[in-house]
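The shown structure was predicted, so the numbers you read here are calculated from the model rather than taken from an experiment. Just so you know, these numbers use all the heavy atoms, side chains as well, and skip hydrogens, waters and symmetry mates. Sequence lines set the chain letters: A, B, ... in the order given, protein chains first and strands last, and positions in each chain run from 1.
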Protein chains: 2
Amino acid sequence: MLSFSSQYNVITSPLGDGLHKDGKRLTPQRLKVLNLFENIGSGKHLSAEEVHEKLVKSSSKVSLATIYRTLRLLVQMGLLHELELSEGGHRYELLSNDNPDHHHLICIRCGRTEEFENEEVLKAGKVAAKINGFKLIESSLNVRAICPNCI
Amino acid sequence: MLSFSSQYNVITSPLGDGLHKDGKRLTPQRLKVLNLFENIGSGKHLSAEEVHEKLVKSSSKVSLATIYRTLRLLVQMGLLHELELSEGGHRYELLSNDNPDHHHLICIRCGRTEEFENEEVLKAGKVAAKINGFKLIESSLNVRAICPNCI
DNA sequence: GAGGAAAATGACAACAATTAACACAAGGCT
DNA sequence: AGCCTTGTGTTAATTGTTGTCATTTTCCTC
């Protein structure tokens, strides 16, 4: 039977490359988490708990602790983006090239989120950082609102 | 000895007025929390735990549970503003007239925050809400960055 | 000013989200 | 194949926050 490494090493995934550079390892769990985000599309925002549920459902059991560890790792690697909605914990989304810099419109009642882009916002962040001598990491505009269904 | 109510009722504080309209009551604890924010100035952002510490230090003991309850109340009343910095819990700041609509530049290393205003950002939030049929509550731009001291 | 209904407080239990510890398993070098 | 190091799962601990409930307080009415 094929071992895990012989099955995947040949493909030299971007994930594998990124990990190996740092002495970190490509594991099935890490792949599963990243694949989940890739399959689900780049507009979705999942909590750690939701990632866990979805993986359990697809009979890919990954422990919750590992999911937390993996999410943090993938954020550090720049593959995922973490966003904090005031209500109930952190969410994660895939950071892909065709979904570059965007902001979120969040319904505070049902949690529905819509994305939008805005050049001015990006600029505002840059200017503020420069004026204060900060090194910019990212700027995210969170618009808290109530969606049509919840009004 | 003067009772609490006879000591303060005459002043008819804005806090008292706002509370009484709703059948809610003016208590020394609520005054202490609000006073703390007023004394500390409107550019500061405190966590519930920090509010608790400061009140204990000034020998004004208010229980932590009450602080959480009071902070939520003051936010609902529009006297405080709640902001969520990704790192470590919620922060609260005084919402005063001379410090209207502003955004935050946050150092992810030391937590230092600077404020700035930007009309375009405000507009961006409005537009996004309108396009999607959402009812806007507030839009806040959080710029995550590293401050000069931490670089 | 006293009496009483309604609301608020404090102390503490309960919770949810997240992290730490550690024994065991697995990845990736040679 | 074998070894060293990193990663995983399990479970316990921590943190931030909320619920419960008995006791205390506010504030309205007389």
[N] [atom2] sits how many Å from [X] [atom1], rounded?
X	N	atom1	atom2	value
His90(B)	dT17(D)	NE2	C1'	10 Å
Leu71(A)	dT18(C)	CG	C1'	12 Å
Ile67(B)	dG19(D)	CD1	P	17 Å
Leu26(A)	dC29(C)	CG	P	11 Å
Leu31(B)	dC27(D)	CG	P	10 Å
Leu64(A)	dA13(D)	CG	C1'	15 Å
Leu73(B)	dA7(C)	CG	P	13 Å
Asp22(B)	dC28(D)	CG	C1'	17 Å

Salt bridge (Lys or Arg N to Asp or Glu O under 4.0 Å): pairs with one or both residues in residues 20-47 of chain A, sequence neighbours excluded:
none
I need the full list of salt bridge (Lys or Arg N to Asp or Glu O under 4.0 Å) pairs touching residues 57-80 of chain B, with sequence neighbours left out, sorted by first then second residue.
none
[X] side chain N/O closer than 4.0 Å to the phosphate oxygens (OP1, OP2) of [N]?
X	N	value
Thr27(A)	dT8(D)	yes
Arg30(B)	dT9(C)	yes
His20(A)	dG28(C)	yes
Thr66(A)	dG7(D)	no
Arg72(A)	dT19(C)	yes
Tyr68(B)	dT18(D)	no
Gln29(B)	dT25(D)	no

Could you point out which residue of Leu64(A), Asn35(A), Leu36(A) forms a side chain to side chain contact (heavy atoms under 4.5 Å, CB included) with Leu55(A)?
Leu36(A)
For Arg69(B) and for Arg25(B), locate the closest nucleotide of DNA chain D by heavy-atom distance; then report the residue assigned to the nucleotide nearer the 5' terminus.
Arg69(B)
Under a 4.0 Å N-O cut-off, is there an ion pair linking Glu50(B) with Arg91(B)?
yes
Separation of His81(A) NE2 from Glu93(A) CD (nearest 0.5 Å)
6.5 Å
Can you tell me which nucleotide in dT17(D), dT18(C), dT11(D) comes closest to the side chain of Ala65(A)?
dT11(D)
